[in-house]
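Presented below is the structure to which this report refers.
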Amino acid sequence: MTGRLAHLLREWLATSGAEVADVGSKAWTGPELLEIADRAAAELRARGVEANEPIHVTIGNRPSDIAAMLAVWSVGGVVAPIHQNASITTRAAVGQATNARLQLDGVFVE
């Protein structure tokens, strides 16, 4: 299912020349978000992400969150979202529950 979702989102972003997100003074187009997602996906592949591997994605209601989730789905991973303001305790609990070895904060892989 994530492969199909990734394909649909990629297709929409690639063909959307209009602004798809606006944050402050920066307006993002679909192709810009797709480019960000592709760079993050390449980094995840380089780190050997396997099918159905959980990846923590820090979510903060940012356009880059869409790109980060797409990057994970594009490599066959599973998004385990964590809000950017989550407490250390919450982050630890999610980490223990998912046993994820990688995290995307925006689109930066840790």
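The first residue of the sequence shown is numbered 1, and numbering continues consecutively from there.
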Open item on the list: Would you compute the distance between atom OG of S74 and atom CG of L9 and round it to the nearest 0.5 angstrom?
Closed with: 8.0 Å
Task: Least distance between heavy atoms, A67 atom then L33 atom - done: CB-O, 3.6 Å
- [ ] Search all heavy atoms of P54 against all heavy atoms of A100 and return the closest pair with its distance.
- [x] O-CB, 3.3 Å
Open item on the list: Do the side chains of R47 and E43 get close enough for a salt bridge, i.e. N-O under 4.0 angstrom?
Closed with: yes
Open item on the list: Tell me the closest heavy-atom pair linking I59 and P81, and the distance in Å.
Closed with: CG1-CB, 3.7 Å
Task: Atom pair CD (Q84) and CG (D65), whose distance is rounded to the nearest 0.5 Å - done: 7.5 Å
Task: Pairing of D38 and R45 as salt bridge, 4.0 angstrom limit - done: no
- [ ] Would you give the length of the straight line joining atom CD of E32 to atom CD of E35, rounded to the nearest 0.5 angstrom?
- [x] 8.0 Å
Task: Interatomic distance, H83 atom NE2 to N61 atom CG [nearest 0.5 angstrom] - done: 7.5 Å
Task: Single-linkage hydrophobic cluster V72~L102, side-chain heavy atoms < 4.5 angstrom - done: yes
Task: Minimum side-chain heavy-atom gap L104-L44 below 4.5 Å - done: yes
Open item on the list: Quick one, R101 and E53 - any side-chain contact, counting heavy atoms below 4.5 Å?
Closed with: yes
Task: Shortest non-hydrogen contact between A40 and A71, atoms and distance - done: CB-CB, 3.6 Å
- [ ] Kindly work out whether a path of hydrophobic side-chain contacts (I/L/V/M/F/W/Y, heavy atoms less than 4.5 Å apart) joins V49 to I82.
- [x] no
Open item on the list: Looking at every non-hydrogen atom in both residues, tell me the closest pair between A6 and L70 and how far apart they are.
Closed with: O-CD1, 3.6 Å
Task: Enclosure of I88 CD1 (heavy-atom neighbours >12, cutoff 6.0 Å) - done: no
Task: H56 versus T98, closest heavy-atom pair with distance - done: NE2-OG1, 2.7 Å
